[in-house]
Amino acid sequence: MTAIRLENVSVRYRIPRERIKTLKEYAIRHFTKRVVYDDFEALREVNLEIEPGETVGIVGRNGAGKSTLLRLIARILRPTEGRVVVVGKTAPLLELGLGLHGELTGRENVLLQGALLGFTRAEMKRRLDRIVAFAELEEFIDAPMRTYSTGMAARLAFSVATDVDPDILLVDEALAVGDERFQLKCHDRMEAFRRAGKTVLLVSHALAQVRQNCRRAVWIHGGRVARDGDVHEVTEAYHLWSVETALAAAAATGGGA
Amino acid sequence: MSSTAALPTRTDLPVYDSARRGWRVAEEARALWSYRALVYELVIRDIKVRYKRSVLGIFWTMLAPLLNMIALTLVFSALLRQQIENYPVYFLTGSLFWAFFAQTTSSAALQTQDSNETAKRIYVPRSVFVASAVGVGLVNLGLSLVPLLVLVVATGFPIYATWLFLPVSILIATAFAAGVSLLLFTFASRFSDVREMYLVLVQTWFFLTPIVYHPSIVPPRYRFALWANPMYYLVQTFRKPIYDGVLPSPGLLAASTAFAVVVLATGWNYFCRRVDSFAYRT
């Protein structure tokens, strides 16, 4: 059974041409019939199949639709058109600071993060020691989070997300946490994930990281799948394209000056 | 298909299919139930964060309404010269109840921002945020019953056996507050000025509801304003067992329950129909 399947998926955001934020304004505009919308297609007719156990890198420049893709799979967003099927429990590798509260202790934050991931308090208490040990925060776990460094907070978030044992792990550029030694530990854990037959989706700008972790890569451009295949081919193509566009842009501005 | 055969096939995995849509009202209810642990954590977080760095801590919740009551009692008993027996108890009962309602609903309207930040990055049923606002309100209401009890004892007012009816009146009030919260949350996620408008509205509403005054002082030709006000029935349902020592009459109980059920059903239905679109707003 496929782990993730996208069939002709489009996501269209409807953006008012002038941002109408207030009810008063809306009421006025509504009566004068001046509410004009633009459609922004974040994804267009995307087809994608990912088998269980695959580690797939998603590359593409900012605004290409990578995060929208991840949100669809995480069921945060429902597609405007098409169909998304996901088999297994997904867990995002939480972005820095999400749901972490400075006034709460590390321990309290772990329980809260676990609840955000859909776990009960009892389940999280069982996992707590292991999470704290992996994050190497034993001494600080009862200190308020506001005393943590960014790296420490990120380590804790990573430990929670990977300890909850999802079938599909969604990673959105969050691997660059902590020092080199911790990075290595993260890599090991991803490796263990893969060996256990779990699916990993890695969205990243760091092509080296994608090559290191994935065998397959998908390049998203302008809301479409530009390329899908062997990680080296795809990242190479994307890299070439990036360099060319950058050079062209430099030439254009250079010519203008 | 050969690759699937190699792996141990697990049939117990949860399947999410965006094309398969159940009855949304039931779907959201199921989702909320499965995330009840998160509601609990959010309530705990809110309360801990609020009191962690304050000297008086949790006692502040109990002290604040008491101080408020003393001030207002002085003002209103002088100003209105009403013949309300044991006015402090009368007023505090009403004002605690009102505080629960006003706090819960306006915090639900405020939750929109916070919840967007979270729900943009991880799947969480959004009703969790409304439920946690209601939960925090309930905890605060429970805490504020302590100063009320203190006041009742201190003024030599009898503690009636009808206090035991409170869970029922609180349940009805909770349903109503939850319904209003759901409506507000949905509006506020669309328009940013809803919260400010609501704060003004709730102020006016407070004076239209017999909290500081007795309903009997309302002239007969303005009585319709009381009868049309759901909070009138709800506050009476809450106050009678404490202040009058009687159970609310069947008519009163029916009216407050009807308002609560209708508003909750409308709010829940409206919320569930709009819930998918929340993620499309950034």
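We use all heavy atoms of the structure for the numbers below, so side chains are in, but hydrogens, waters and symmetry mates are not. In the text below, chain A, chain B and the rest are named by the order of the sequence lines, each starting its count at 1. If you're wondering where the values come from, they're calculated on a predicted model, not measured in any experiment.
No more than 12 heavy atoms of other residues, nucleotides or ligands shown are found within 6.0 angstrom of CZ on A:Arg215. Annotation for B:Arg274: atom CZ does not count as buried by contact number, only 12 or fewer foreign heavy atoms lying within 6.0 Å.
Across all their heavy atoms, B:Glu41 and A:Ala115 have their closest contact at CG-CB, 3.5 Å. Of all non-hydrogen atoms in B:Ser18 and A:Pro79, the two that sit nearest each other are OG-CG, 3.6 Å. Minimum interatomic distance between A:Ile76 and B:Lys120 (heavy atoms only, all atoms of both residues): CD1-O, 3.6 Å.
Here the straight-line distance linking atom CG of B:Leu42 with atom CG of A:Leu112 works out to 6.0 Å at 0.5 Å rounding. In this structure, A:Thr120 OG1 and B:Leu38 CG are separated by 12.0 Å, a value rounded to the nearest 0.5 Å. To the nearest 0.5 Å, atom CD1 of residue B:Ile122 and atom CZ of residue A:Arg71 are 13.0 Å apart.
A:Lys89 is not listed as a side-chain neighbour of B:Leu13, based on a closest heavy-atom distance of 4.5 Å or more. When side chains are defined from C-beta on, B:Tyr35 does not count as touching A:Leu116, because their heavy atoms never get closer than 4.5 Å. Under the 4.5 Å side-chain criterion, counting only non-hydrogen atoms from C-beta, B:Tyr16 is not in contact with A:Val87.
Remark: the A:Thr90 side chain and the B:Tyr123 side chain contain no N/O donor-acceptor pair separated by less than 3.5 Å.
Only the backbone of A:Arg12 comes within contact range of chain B, judged by heavy atoms closer than 4.5 Å. Both the backbone and the side chain of A:Thr105 come within contact range of chain B, with heavy atoms under 4.5 Å apart. Of the atoms belonging to B:Tyr40, it is side-chain heavy atoms, and not backbone ones, that fall under 4.5 Å from chain A. Heavy atoms closer than 4.5 Å to chain B are found nowhere in A:Leu70, neither backbone nor side chain. When heavy atoms are compared at a cutoff of 4.5 Å, B:Arg195 does not approach chain A at all.
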Going through the checks in order, is the side chain to side chain contact (heavy atoms under 4.5 Å, CB included) test met by A:Val86 and B:Asp17?
-> CA-CA 6 Å; A:Val86 179; B:Asp17 184 346; over 6 Å; no

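In summary, B:Lys48 and A:Glu103 do not engage in a salt bridge, as defined by a charged side-chain N under 4.0 Å from a carboxylate O.
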